[in-house]
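Down below is the structure, laid out as structure tokens.
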Amino acid sequence: MPEGHTVHRIARLFEGLFAGQGITASSPQGRFSEGAALISGRTVQAVEALGKQLFITVDNDLVVRVHLGIYGAWDVATLEGGHARAGSASMESLGAPRVSTTRIAEAERTRAEDEPFPPAPIGAVRLRMETDRVVADLRGPTACEVLTPEEVLRVRGTLGPDPLVDRGELGLGEFVSRLARTKRPIGIALMDQSVVAGIGNVYRAEILFRHRLDPYRPAQSVPEDVAVDLWRDWSVLLEDGVKTGVMLTRSDLDAAGRTRALRSKAERYFVYQRHGQPCRVCGTTVSMDLMAARKLYYCKACQSALP
DNA sequence: TCACAATGAACAA
DNA sequence: TGTTCCTTGTGAC
């Protein structure tokens with residue numbers, strides 16, 4: 001998925017495109033027809049992200065909750081000069097990576113000249129939201145449902161703090177105490193959305209490496225000052241990810257290296273999907289284990305000391 | 001053509 | 001712990 005940074009980007013983009021606007025909602029694929037009918041014709045009041053969840057509130061107090069899961073994505077097209085346009089700087093596809101590259105290229109090719117607006121949906125579109133000049137298509141979400149405000153509160157209650165929502169000491173304290181409360185491995189705890197909301201498999205692996213933490217170490221045994229560092233580091237990474245749209249977690253790069261890494265996926269990470277290759281710091285072969293059925297990447301040499 | 005992977009999580013047992 | 005679901009692109013046949 002689309003970890004937390006992607007969802008915050010979507011929320012900011014949608015806030016600009018839809019807030020205050022009347023929308024028409026539909027489900028070209030048909031699986032969300034009833035939900036779409038509940039919000040169609042309404043005005044969007046707010047678009048918010050919390051962890052990996054997106055909440056779109058409309059003026060009858062109903063809220064659409066969207067969770068992209070591993071491969072969900074939004075494609076956005078805007079009307080410019082009478083023609084559909086997709087793929088410009090702000091019109092990226094937001095979600096699963098394979099979509100964001102190929103789908104955009106495709107969209108630019110096929111929609112540049114004469115496709116009428118709105119463009120026909122491509123593939124299995126669960127939800128289409130449109131205004132006079134904007135169309136957003138959602139495909140492959142793990143969750144897309146209409147909730148009442150009370151139900152939204154219940155969902156939010158299951159989530160841990162998000163640095164961009166729970167700013168300042170509040171989120172920090174909450175994270176530290178939730179981490180101290182679990183004996184499970186720190187590699188599991190960081191992925192647990194009720195401990196901290198928004199971290200996924202990529203950020204999990206990279207944050208652990210950045211702090212040279214053994215993924216198997218009980219979360220409880222992580223010293224409080226280290227826990228504080230983890231939260232601050234996650235806050236920085238998240239903000240950076242929202243800004244660039246890219247998860248760039250290397251701390252060992254100069255400006256030129258950073259520019260390269262922003263372009264090339266192979267340069268972005270310390271350990272994620274680098275198993276079998278030498279650790280960028282010590283040269284030891286990067287390991288890959290299964291932890292709770294997810295792939296865990298780490299360096300056994302760098303991430304073994306007990307601080 | 002087909003198996004499989006992918007930034008996730010709910011559920012059964 | 002294992003299974004299932006959501007959708008698409010890739011790479012092996």
Side-chain angles (χ1 to χ4, degrees), chain A residues 1-10 27-33 35 49-54 64-75 92-107 109 121-128 137-145 147 151 154-160 162 184-185 187-209 234 237-238 240-242 244-249 261 265-266 268-276 288-298:
Chain A
M1 150 184 190
E3 301 192 19
H5 70 300
T6 305
V7 184
H8 279 283
R9 279 174 73 84
I10 293 165
S27 179
Q29 171 205 52
R31 296 185 47 178
F32 188 60
S33 299
L50 174 55
K52 301 171 185 173
Q53 319 242 355
L54 184 75
V64 183
R65 179 182 79 97
V66 174
H67 190 307
L68 293 177
I70 287 188
Y71 46 71
W74 286 96
D75 280 326
E92 68 193 293
S93 168
L94 297 151
R98 50 189 161 51
V99 178
S100 69
T101 49
T102 52
R103 173 68 42 71
I104 283 180
E106 206 175 336
R109 274 203 307 278
I122 299 169
V125 176
R126 182 82 58 89
L127 167 63
R128 164 169 282 203
D137 285 343
L138 170 67
R139 48 169 58 74
T142 201
C144 175
E145 58 181 358
L147 302 179
E151 291 170 323
R154 194 183 50 69
V155 172
R156 295 181 75 115
T158 68
L159 298 172
D162 174 330
R184 290 173 305 156
I188 298 279
L190 289 184
M191 289 270 285
D192 183 341
Q193 302 302 301
S194 71
V195 170
V196 48
I199 295 179
N201 207 16
V202 179
Y203 280 129
R204 178 264 295 266
E206 296 295 302
I207 290 171
L208 288 172
F209 182 88
W234 165 229
L237 287 176
L238 176 60
D240 193 58
V242 172
T244 63
V246 168
M247 291 187 276
L248 203 179
T249 54
K265 237 185 138 184
R268 277 178 208 165
Y269 313 122
F270 277 117
V271 291
Y272 179 73
Q273 283 188 342
R274 293 197 64 251
H275 57 297
M288 194 266 284
D289 294 359
L290 278 185
M291 180 181 260
R294 301 301 305 280
K295 288 181 178 176
L296 166 72
Y297 304 89
Y298 67 111

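Letters go in sequence order (proteins before strands), and every chain restarts at 1. Excluded from the calculations below are hydrogen atoms, water molecules and symmetry mates; all remaining heavy atoms, backbone and side chain alike, are included.
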inquiry  = For a side chain to side chain contact (heavy atoms under 4.5 Å, CB included) check, start with the C-alpha distance between A:Y203 and A:H5, then their side-chain angles and the critical distance, and finish with the verdict.
reply    = CA-CA 10 Å; A:Y203 280 129; A:H5 70 300; 3.7 Å; yes
ask   = If you measure from the P atom in C:dG9 to the same atom in B:dA9, how many Å do you get, rounded?
value =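 So the two P atoms sit 23 Å from each other.
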Separation of the P atoms in B:dA5 and C:dC13, to the nearest angstrom = 14 Å
Any side-chain N or O of [X] below 4.0 angstrom from OP1/OP2 of [N]?
| X | N | answer |
| --- | --- | --- |
| A:R126 | C:dT7 | yes |
| A:H67 | B:dA9 | yes |
| A:R65 | B:dA9 | no |

Please report the distance, rounded to the nearest Å, between [atom1] in [X] and [atom2] in [N].
| X | N | atom1 | atom2 | answer |
| --- | --- | --- | --- | --- |
| A:H275 | B:dA6 | NE2 | C1' | 13 Å |
| A:L68 | C:dT7 | CG | P | 13 Å |
| A:L138 | C:dT8 | CG | P | 11 Å |
| A:Y269 | B:dA6 | OH | P | 12 Å |
| A:D137 | C:dT8 | CG | C1' | 15 Å |
| A:K295 | B:dG8 | NZ | P | 13 Å |
| A:N201 | B:dG8 | CG | P | 6 Å |

key: Student check: side-chain heavy atoms of A:V271 and A:E206 closer than 4.5 Å   = yes
request  = Side-chain contact test, heavy atoms from C-beta onward, threshold under 4.5 Å: evaluate it for A:L68 versus A:K52 and give yes or no.
outcome  = no
task = Measure from the side-chain heavy atoms of A:Q273 and tell me the nearest of C:dT7, B:dA6, B:dA9.
result =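 Nearest listed nucleotide: B:dA6.
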message = Can you identify which nucleotide, out of B:dA6, C:dT7, B:dG8, has its nearest atom closest to the A:Y272 side chain?
response = B:dA6
remark   = B:dA13 -> Watson-Crick or G-U wobble partner, both distances under 3.5 Å, gives none
task = May I have the step-by-step check of side chain to side chain contact (heavy atoms under 4.5 Å, CB included) for A:E145 and A:V64, ending in yes or no?
result = CA-CA 6 Å; A:E145 58 181 358; A:V64 183; over 6 Å; no
query = Pick one: which of A:Y297, A:Y298, A:Y269 meets ring-ring contact (aromatic ring centres under 6.0 Å, His included) with A:H275?
reply = A:Y297
